[in-house]
Amino acid sequence: MAALAFAAQSGVGAATTGAATTSDAATTTSPATTTPAQPAATAAGRPNIVFVLTDDMSSNLLQYMPEVRKLQSQGTSFSDYVVSNSLCCPSRSSLFTGLYPHNTGVLGNEGPNGGFDAFHNNGLERDTFATALQAKGYRTAMMGKYLNGYDPKDTVDGQQPYVPPGWSQWDVVGNGYKEYNYKLAHNHTIEPHGNKDKDYLTDILSKKGQSFIKKSAAANKPFMLEVALFTPHGPSKPARRDKHDFPGLKAPQGPAFDKLPTNAPPWLARQDKLTEHEKNTIDKKFRKRAQSLQAVDRMLGKLRQTLKRAHAADDTYVVFSSDNGFHLGEYQLKAGKQTAFDTDVRVPLVIAGPHVAAGRTSHAQVSNIDFAPTFQKIGGAAVSSRVDGHSMLPLLDGGSDAGWRTANLIEHQHAKKSPGDPDNHGGESISPPNYHAMRTNSHTYVEYDSGAKEYYNLRSDPDQLHNIAGRLSRARLAKLHDALTRLENCRGDGCWSAGHP
């Protein structure tokens, strides 16, 4: 079935017992009586955008999300969508701005070159897809997780809670990983939430998102809504109604599970085989990750139902993705990300909307730097030559992928252990040494600051189990190094040409 093309390529199959059904996703909200007869976007001449962003979602979880699979059948999936940095804050910074991490200066989750502080201090909030769309008359809403280090209780630029420029509505939580007992910044006020079922964060964001859609449509205004979840990031807290789903579910054990690549780089070669206890822990984590995504899947269904009832569905791009991927037992690594392996950098991306080809899979090398220019093009805003990314609109109508970039850049800066960093707090996750990598549809090439190299032939070795960098000729390595160097130093329009090595 064409709708499952991307799922099949990601090694996933049909949903198993316990997954939310289509009827589960039906909204219980009645349509607003003020809904206009014509879609809001048609009246304004510009489509709407609803962007659902998960946190740490690996592609092997798609099979447990029937609403996302339905979106696949009605839109285009990208089999080679690669993030520029497999870490929350650098990835989201690229997403907002269309810039690679070396141009945002946001290289980690905290510290002088990381987190909300770096994004804010570098002036990046003044030029995002939100500011561009708002300037074009869009109502814009940011809901859920913004950037690591943002806290509604902090005073920033004289505001408490602080609301960055570009957002008409702001419903953001600083630390919502536990899904209960959090403080939500609703514009410039703080809403405390407790431990009751009704406080489950994903459900609260679902209701707020539905309300924003209805109000925007009733106002006859084009709108852009981003709902950024904290799930399935650890501790992967499911809603109480979902915590018994998928009994006995175990993590997939593909060819790379508990196996080192040949000629592994030194940091990876030091990893031991997984113990039975660690494998059992991995199974429990995977099951909780699938459970926690059930509320996200229902939310996607309810948002789409709300679009239909507001007569805005035909003029709205619905985008589903994740900030990065996740490994769970692959390459003898326990729970984590931050590597250049496909488990961490190649993540789901599905787009449905006006004139988007249904049930199609694109193999174009798209990246998170492409979101901002895509959203700006949708809204009729100019895209600056300083933006590193490229609009994905030409890829969405069923046309050829030919002419698109053939290489994506991946960047990583080693992070020291810190109790305040949810991804480097001294637990199972490992932050590799500094590296730059280039991924094409045929290979992944990695250079570490130490001089170590990796090269995986994705055509003959899709599971990335044989590092053959040491078998390449000097001339071949020199060409790879030159191509990677052009990418890691590129800026603006130059990144498009650098992406065609």
Side-chain angles (χ1 to χ4, degrees), residues 10-12 54-61 64 83 85-88 91 108-109 148 177-178 230-238 246 248-262 264-293 322-347 410 412-435 437 444 446 448 452 454 456 463-465 467:
S10 302
V12 298
T54 56
D55 192 342
D56 284 10
M57 182 180 163
S58 49
S59 294
N60 57 16
L61 289 165
Y64 307 106
V83 295
N85 185 309
S86 184
L87 188 63
C88 296
S91 177
N109 284 340
N148 297 73
Y177 296 104
K178 295 182 179 179
F230 285 83
T231 48
H233 191 293
S236 309
K237 185 78 171 179
F246 313 113
L249 180 65
K250 295 185 176 182
Q253 294 192 10
F257 187 82
D258 198 22
K259 188 172 183 179
L260 285 179
T262 57
W267 75 269
L268 184 58
R270 290 193 292 267
Q271 304 308 308
D272 296 325
K273 295 284 286 185
L274 299 171
T275 66
E276 286 305 309
H277 174 73
E278 289 168 340
K279 290 179 182 178
N280 290 334
T281 300
I282 284 171
D283 287 338
K284 292 176 183 177
K285 286 181 182 292
F286 186 80
R287 185 161 56 249
K288 288 184 67 177
R289 283 163 61 78
Q291 291 168 344
S292 70
L293 284 169
S322 177
D323 59 354
N324 50 255
F326 204 72
H327 57 252
L328 201 54
E330 292 87 358
Y331 312 108
Q332 294 181 195
L333 295 168
K334 296 183 277 291
K337 48 199 177 187
Q338 305 186 62
T339 78
F341 289 115
D342 273 8
T343 51
D344 297 7
V345 300
R346 178 176 169 266
V347 296
I410 305 158
H412 171 75
Q413 183 179 80
H414 174 73
K416 296 181 180 179
K417 294 179 181 179
S418 167
D421 187 340
D423 299 310
N424 297 291
H425 53 70
E428 297 177 336
S429 184
I430 294 173
S431 179
N434 294 357
Y435 70 77
T444 293
V446 188
Y448 293 89
E454 292 176 275
Y456 300 98
D463 297 300
Q464 298 171 293
L465 288 171
N467 174 21

Exercise. Of all residues at least two apart in sequence or in a different chain, which pass the salt bridge (Lys or Arg N to Asp or Glu O under 4.0 Å) check with Asp344?
Worked result: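 Counting only residues at least two positions away or on another chain, Asp344 forms no salt bridge (Lys or Arg N to Asp or Glu O under 4.0 Å).
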Problem set entry | Partners meeting salt bridge (Lys or Arg N to Asp or Glu O under 4.0 Å) with Lys279 (sequence neighbours left out) |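 If we apply the salt bridge (Lys or Arg N to Asp or Glu O under 4.0 Å) test to Lys279, skipping adjacent residues, the hits are Asp258, Glu276.
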Problem set entry | Sequence neighbours excluded, every pair satisfying salt bridge (Lys or Arg N to Asp or Glu O under 4.0 Å) that has a member inside residues 417-435 | Lys285-Glu428, Lys337-Asp423
Nearest 0.5 Å, what's the [atom1]-[atom2] distance between [X] and [Y]?
X	Y	atom1	atom2	value
Thr54	Leu61	OG1	CG	9.0 Å
Ile282	Lys250	CD1	NZ	12.5 Å
Leu333	His327	CG	NE2	4.5 Å
Tyr177	His233	OH	NE2	4.5 Å
Tyr64	Phe286	OH	CZ	4.5 Å
Gln291	Leu249	CD	CG	8.0 Å

If you compare all heavy atoms of [X] against all heavy atoms of [Y], which two are closest, and at what distance to 0.1 Å?
X	Y	answer
Ala340	Val446	CB-CG2, 3.9 Å
Asn85	His412	ND2-CA, 4.0 Å
Gly108	Leu87	CA-CD2, 4.0 Å
Leu293	Pro232	CD2-CD, 3.8 Å
Glu454	Asn467	CA-OD1, 3.1 Å

Taking side chain to side chain contact (heavy atoms under 4.5 Å, CB included) as the test, write out the residues that go with [X], two or more places apart.
X	result
Ser91	Val83, Asp323, Asn368
Gln253	Phe257
Ser236	Lys288, Arg289, Ser292

Is any side-chain heavy atom of [Y] closer than 4.5 Å to one of [X]?
X	Y	answer
Ser58	Leu328	no
Asn148	Pro422	yes
Cys88	Asn324	yes

Partners of [X] by side-chain hydrogen bond (donor to acceptor under 3.5 Å, both in side chains), sequence neighbours excluded?
X	result
Gln338	Asn424, Ser431
Tyr435	none
Asn280	none

Exercise. Okay, side chain of Thr275, backbone of Glu278: is any donor-acceptor separation there less than 3.5 Å?
Worked result: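 Between the backbone of Glu278 and the side chain of Thr275 there is a qualifying donor-acceptor contact (under 3.5 Å).
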For this session: Return yes if some donor-acceptor pair links the side-chain N/O of His414 with the main-chain N/O of Pro432 below 3.5 Å, else return no.
Result: yes
Can you list, pair by pair, the side-chain donor-acceptor contacts under 3.5 Å of residues 264-272, counting residues two or more places apart and other chains?
residue: Trp267; atom: NE1; partner: Tyr448; partner atom: OH; Å: 2.9
residue: Gln271; atom: NE2; partner: Trp267; partner atom: O; Å: 3.1

Problem set entry | Results of ring pair (Phe, Tyr, Trp, His ring centres under 6.0 Å) for Phe341 - residues two or more places apart only | Tyr331, Tyr456
